Number of protein chains: 2
Amino acid sequence: MLEIISRGETYGYEITQQLRQLGFTDVVEGTVYTITMRLEKNNLVDIEKKPSTIGPPRKFYTLNTAGKAHLENFWGKWAFVSSKVNELKNKRR
Amino acid sequence: MLEIISRGETYGYEITQQLRQLGFTDVVEGTVYTITMRLEKNNLVDIEKKPSTIGPPRKFYTLNTAGKAHLENFWGKWAFVSSKVNELKNKRR
DNA sequence: ACCGGTACTTAGTATTACATAATACCATAT
DNA sequence: ATATGGTATTATGTAATACTAAGTACCGGT
């Protein structure tokens, strides 16, 4: 979700749809919501509310400096963990 | 941990050491223990207690049929999730 | 007036992650 | 004997995370 938000401001409902398109077909809005709430709580995002012509107002998120740092930190951890897990996988019988 | 156990019977303390050697340097025994407890609770392992000459008895774990199935299921999920995450990573700016 | 799609929020449970500390066994050195 | 250090499991508690179901509300079209 941090990575998705990093590509440009977006909002919960749209994030849900993007995740579903990515293949996480059974992600529901509630799941995404708890994560956006966490991002807010941890001050990793800036928030802007904008009206929509086709529904209720949208709450747009963008990564702030801390959010970007957090994302970079995540990618570092991902590189480490995924390489270790793949190492295990490749040694599998 | 399922993968580590799948390579041959082993016990908590040894698993901790293996994980540390793998690079997860700050894994402590308590963390491993909660996971072995979960494996027991979910009936994914067979248990055999054997004496040790250099300390208290060891509780050896081996994967049972359900455990092996669970592991295979994990590798399937891993292939999916890691490919999706890497897809995101590679599109990163 | 209702319906379906859009959109956020609430509230709750179950699981997971992790740390700290306690207990106990054994060999070796003092 | 006893102190110590490595080996090994167990107990207990807290915080974070994952996930679901249901509720509220806004809007356009029939």
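All values reported here derive from a predicted model rather than from experimental measurement. FYI, side chains are in, hydrogens and waters are out, and symmetry mates aren't considered; it's all heavy atoms of this structure.
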Q: Show the numbers, then the answer: is there a side-chain contact (heavy atoms from CB on, under 4.5 Å) between A:V45 and A:T62?
A: CA-CA 5 Å; A:V45 286; A:T62 46; over 6 Å; no
Q: May I have all residue pairs that pass ring pair (Phe, Tyr, Trp, His ring centres under 6.0 Å) and include part of residues 34-72 of chain B, sequence neighbours excluded?
A: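 Sorted pair list: B:Y11-B:F60.
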Q: Which pairs, protein N/O on one side and nucleotides 18-21 of chain D N/O on the other, fall under 3.5 Å?
A:
{"from": "D:dA18", "atom 1": "OP2", "to": "A:R38", "atom 2": "NH2", "distance (Å)": "3.0"}

Q: The criterion is side chain to side chain donor-acceptor pair (under 3.5 Å); which residues satisfy it with B:N43, sequence neighbours excluded?
A: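 Residues passing side chain to side chain donor-acceptor pair (under 3.5 Å) with B:N43: none at all.
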Q: Can you name the residues that form a side chain to side chain donor-acceptor pair (under 3.5 Å) with B:K50, not counting sequence neighbours?
A: B:E9
Q: Output every pair passing salt bridge (charged side-chain N to carboxylate O under 4.0 Å, His left out) with a member in residues 61-74 of chain B, not counting sequence neighbours, ordered by first then second residue.
A: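 Output for this query lists A:R92-B:E72.
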Q: Tell me the ring pair (Phe, Tyr, Trp, His ring centres under 6.0 Å) pairs involving residues 16-41 of chain A, sequence neighbours left out?
A: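 Every ring pair (Phe, Tyr, Trp, His ring centres under 6.0 Å) pair that includes a residue of residues 16-41 of chain A, provided the two are not neighbours, is A:F24-B:F80.
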Q: Grab the CD-P distance between B:E40 and D:dT9 for me, whole Å please.
A: 10 Å
Q: A:T10: what forms a side chain to side chain donor-acceptor pair (under 3.5 Å) with it, not counting sequence neighbours?
A: A:E14
Q: Of all nucleotides in DNA chain C with an atom under 4.0 Å from a non-hydrogen atom of chain B, which is the first and which the last going 5' to 3'?
A: C:dT16 to C:dA27
Q: Find the distance between CG (A:L19) and CD1 (A:I4) and round it off to the nearest 0.5 Å.
A: 4.0 Å
Q: Using heavy atoms and a sub-4.0 Å distance, could you list which residues of residues 12-19 of chain A are near DNA chain C? By number, please.
A: A:G12, A:Y13
Q: Does B:S82 have any side chain to side chain donor-acceptor pair (under 3.5 Å) partners at least two apart in sequence or in another chain, and if so, which?
A: none
Q: Is there a residue in residues 46-84 of chain B whose heavy atoms reach under 4.0 Å of DNA chain C, and which residues are they?
A: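 Per residue number, the list reads B:T53, B:G55, B:P56.
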Q: Using the six-membered ring wherever Trp is involved, compare the ring planes of A:W78 and A:W75 and label them parallel, tilted or perpendicular (cut-offs 30° and 60°).
A: perpendicular
Q: As a quick check of understanding, evaluate salt bridge (charged side-chain N to carboxylate O under 4.0 Å, His left out) for A:K59 and A:E40, giving each step before the final call.
A: CA-CA 11 Å; A:K59 217 168 139 185; A:E40 289 186 27; 2.9 Å; yes
Q: Could you list the residues that satisfy ring pair (Phe, Tyr, Trp, His ring centres under 6.0 Å) with B:Y13, not counting sequence neighbours?
A: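 Not a single residue meets the ring pair (Phe, Tyr, Trp, His ring centres under 6.0 Å) criterion with B:Y13.
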